[in-house]
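Have a look at the structure below, then the notes.
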Amino acid sequence: MDMAVEAGVIKQHLIDPEICIRCNTCEAICPVNAITHDDNNYVVRADICNGCMACISPCPTGSIDNWRTMPLVRAYTIEEQLTWEELPAELTPEQLEAAGVSAEAAGDPAAAAPALTQAQAQAAIEPAFNSAQYGATVPPWSAAHAYTNLFPPKTPTTATVVGNFNCTEAGFDSETHHIVLDFGVVPFPVLEGQSIGIVPPGVDAIGKRHHARQYSVASPRNGERPGYNNVSLTVKRVTEDHEGDPVRGVCSNYVCDLKVGDTVHVVGPFGASFLMPNHPKSHIVMICTGTGSAPMRAMTEWRRRLRKSGKFEGGKLMLFFGARTQQELPYFGPLQSLPKDFIDINLAFSRTPGQPKRYVQDLMRERAADLAALLKDGSSHFYVCGLKSMEEGVVLALRDVAKDVGLDWDTVGAALKREGRLHLETY
Amino acid sequence: MSTINYGEKIPNNVNLGEDRTLQRALEGWQPNFINWWDDVGPEGSTNHDVYLRTAVSVDPQGWAQFGHVKMRDYRWGIFLNPGDANREIHFGDHKGEKAWQDVPGEHRANLRRIIVTQGDTEPASVEQQRHLGLTAPSMYDLRNLFQINVEEGRHLWAMVYLLQKHFGRDGREEADALLQRTSGDENNPRILGAFNEKTPDWLAFFMFTYFTDRDGKFQLAALAESAFDPLARTTKFMLTEEAHHMFVGESGVSRVIARTAQVMNELKTDDAQKIRAAGCIDLGTIQRYLNFHYSVTIDLFGADQSSNAAIFYSSGLKGRYEEGKRTDDHILKGQTYKVLEVKEGQLVEKDVPMLNALNEVLRDDFIKDSVAGVGRWNKVLEKAGIPTRLVVPHKAFNRQIGALAGIKMSPEGRVVNEIEWAAKRDEWLPSSEDFAFVASLMGRVVEPGKFAGWISPPVMGINRQPVDFEYVRFG
């Protein structure tokens, strides 16, 4: 039994009656006879559909690829679906909660939909897939040595804010800031992929000091400004909680509101495995969503600086970057100006109005041929950073890419882990 | 020496690599197919890399592989849906017996005729559509046209496989003849009337793919019930591809209507001339095209009373649509069905033996399906606040086949005399002026993301690609 069902919530598979042309392909191809129809609509039986996705690609319209988070007890019956003229909206967090489903159980439907359904698909044919088991705990062999914990939580140091600007399009709810902190003469060496902690001032509701919040470093090893002792961070302002209720993220709002000249308490650095390879022929595949882009920006920028100085021998950079919309994608503008022969950029937007939802794993499957070639190459390193819900879908996509070209995933996956070539950092 | 690497060049699940007889037959036929494609296939498309869906196996993953390929290099494959060794015949006189893996001698001629007739429609529609690429309203539509073309080509391969595998020398000759007949050719036309009609413009193309490819759905669905197992399995797989063709038609007409409705609202008019002046197709013209394609297509189901249909059913060659889901005795002897005839200037219904009326049964199933889709087009108008509704004409309107052939009738089903017919014909069917007007709108638009002014962009791109994806790369 998968987790979603245990929690009393399902991703219900539905067909959009406004787009469906009633061609019968889905019903003909469904291996478990979960799809039926009358003269009006084609519908999916929630109690039979196992989310195997067999119907998705043969559907000529895309109407088949609709999913709704529903409390199991309130799943739409086929009788209801047969009367529909359009798809009902997703239940609101309040409605879900009223039905006894916590936001945590429901997950973020927008971010988690394909991962969940693919996970269900896999669950139907084989034992549960545990993506985390493939994540490496050692750095690549050519990584530079990382210093960690120079300033543990009990003895933070101080940094000065020297830059703070919104790196997403202004005027959108979801705002992500690019913050630059300078350490002056305090030793604070960091590598791409490491993170630092920021301690927000004040105390929490029960009078205890706030604990530090961790952020990935978005700048390369020689500083946001080359040759200076500074680092940059990518911080998203949190204005609502997992249930969609308004809330002010303690640290994110503090950081986003910092002014140049302010001082902050910093702990760290942290992390000794999510590090980039130094070998100039190594390939880097970066897969991220939202602020998970921070370490990817750091690695890309370091490679860009190396390339500029000629110390670079053709290692490939490939980026899969997902956000809800283009406007919410951090660093969208600067990304566009990178040369195409330097980095292979693939952007997925899940909520562009009028466009189908696309997720990083969809793009990875489209680029299967190139990814397969990289999976076969021992110089390739894979980095995944972003929302927890993306992790499984991404690793499953890698596994399928490998399988489709006849590679044994167990062998490939184990090597990636052992050789420090697959790194998962999700939250 | 074989010139073909079978696994690579011709994806198949019929063990082609091991079947020497079939290989020899196909090696003779395949170069003629390529010649046919070059001669009467999509015009001026040879150097394009087209974002096509290719089937490389029948399972869902292999079923829809997308990528840019040159159409001439498309991997036309041979696929049968997975079989069931214990499948039983589930209708007709042989009900309960084991399905046939080979052609029974007594049904050989009829089966061959069924397969040849189906096979003949596949290259015909490619021929009918060969000039359309030159006037595509967008790169997205151009890609859809080309996808249909290659899949019709693959359906031809599917039928040729059956002929060559199961019908010996006769079958090979019939397979050759499929490439010799040409749509609209005076001396050697295609077998069925609708496949000799012109597809002069994209509105006609969308109507054709909506109505006529939907006929394909019902014919293939009836054949997918066949006691001859290879035919049943082949057509079952073809059905899944046919779906895309119907999608192009249904969404195509829907997008034409959406654009017209938008312009009607912008100009606040329902005056056909003003709408035409704004570069859109007025709803009256759309209705006339609908009347034409609907009536020509329902003729494809054949005469309303047919002893052949009875024989095909009773002998297990061709079932009804969704035969397996019906709850009657599946033998149908002693049962009746109502068909139309004209008596004393009036349309009347009469009961005829059900077995002889099976063409009519299939036609009525098609009509129900078609009408539902027209209802979906009307929702577009409803949403736009336009009061006009499109309707399918009466079943007896403009018929050339069966008891109703030649009877002059209004779209509402009123018998009319020759004089009234002549006076009203151009209100009911597209006139030469309508064709000329629609033709005047046809100009090629192939810049990614751009659409001709008479059609709306689609809701979403193919295979979840963006609408402005580079679907066709011009070589």
Side-chain angles (χ1 to χ4, degrees), chain A residues 16-31 33 36-42 52-66 84-86 114 121 125 326 347-350 352-359 361-363 365-369 400-401 403-404, chain B residues 53 55 58-67 81-82 144 147-148 151 210 213-214 217-218 220-221 224 236-237 239-251 254 321-322 325 365 368-373 375-376 379-380 382-383 457-468:
Chain A
D16 186 339
E18 284 189 287
I19 304 176
C20 169
I21 61 161
R22 285 75 172 167
C23 68
N24 203 58
T25 308
C26 53
E27 186 173 324
I29 212 153
C30 176
N33 296 324
T36 184
H37 71 271
D38 68 357
D39 291 342
N40 191 41
N41 277 346
Y42 272 74
C52 75
M53 310 296 270
C55 55
I56 302 296
S57 61
C59 169
T61 66
S63 61
I64 193 92
D65 198 8
N66 281 287
W84 284 352
E85 297 203 344
E86 55 189 65
I125 40 178
Q326 175 184 310
L347 302 179
F349 301 115
S350 61
T352 302
Q355 296 282 330
K357 291 185 170 131
R358 282 158 63 79
Y359 301 93
Q361 55 266 50
D362 298 333
L363 295 184
R365 289 174 194 278
E366 279 169 29
R367 299 297 308 274
D400 292 347
V401 167
K403 278 185 167 175
D404 286 350
Chain B
R53 178 181 71 179
V58 293
D59 60 283
Q61 281 76 34
W63 196 88
Q65 303 259 330
F66 284 87
N81 254 23
N144 281 344
Q147 180 74 55
I148 290 176
E151 282 176 354
Y210 178 74
D213 283 321
R214 193 168 294 271
K217 164 183 167 179
F218 282 84
L220 292 172
K236 210 158 194 156
F237 186 68
L239 267 170
T240 47
E241 287 170 322
E242 204 69 24
H244 174 261
H245 310 183
M246 291 188 292
F247 156 69
V248 170
E250 177 162 341
S251 61
S254 181
Y321 176 65
E322 301 198 315
K325 288 190 181 171
D365 288 331
K368 210 158 77 175
D369 209 47
S370 293
V371 169
R376 293 191 288 277
K379 288 220 174 88
V380 176
E382 198 179 312
K383 272 194 164 175
V459 181
M460 62 175 85
I462 293 296
N463 190 30
R464 298 202 273 169
Q465 295 289 3
V467 169
D468 63 357

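We name chains A, B, ... by the order of the sequence lines, and we start the count at 1 in each one. These numbers come from the heavy atoms of this one structure, side chains and all, not from hydrogens, waters or symmetry mates.
If you measure heavy-atom distances from K325(B) to chain A, the contacts under 4.5 Å come from the side chain alone. Only the side chain of D65(A) has a heavy atom closer than 4.5 Å to any heavy atom of chain B. Neither the backbone nor the side chain of C59(A) comes within contact range of chain B, judged by heavy atoms closer than 4.5 Å.
Closest approach of G62(A) and M460(B) over heavy atoms only: CA-SD, 4.1 Å.
Considering only heavy-atom pairs separated by less than 4.5 Å from chain B, the leading option among P60(A), P356(A), A369(A) is P60(A). The greatest number of non-hydrogen atom pairs below 4.5 Å with chain A, out of H244(B), E250(B), M246(B), is found for E250(B). Interface check for chain B: of the options I19(A), D39(A), T25(A), I21(A), the most heavy-atom pairs under 4.5 Å are formed by I21(A).
Put simply, the side chain of R22(A) reaches to within 4.5 Å of the side chain of R376(B), judged on heavy atoms. Using a 4.5 Å heavy-atom threshold, the side chains of C23(A) and E242(B) count as separate. The shortest side-chain heavy-atom distance between E85(A) and K379(B) falls under the 4.5 Å cut-off. Two residues are said to be in side-chain contact when any heavy atoms from C-beta on lie closer than 4.5 Å; V459(B) and E18(A) fail this criterion.
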*E322(B) and H37(A): side-chain contact (heavy atoms from CB on, under 4.5 Å), yes or no, with the steps?*
CA-CA 12 Å; E322(B) 301 198 315; H37(A) 71 271; 3.0 Å; yes
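Not counting sequence neighbours, the partners of R367(A) by the salt bridge (charged side-chain N to carboxylate O under 4.0 Å, His left out) test are D344(A), D370(A).
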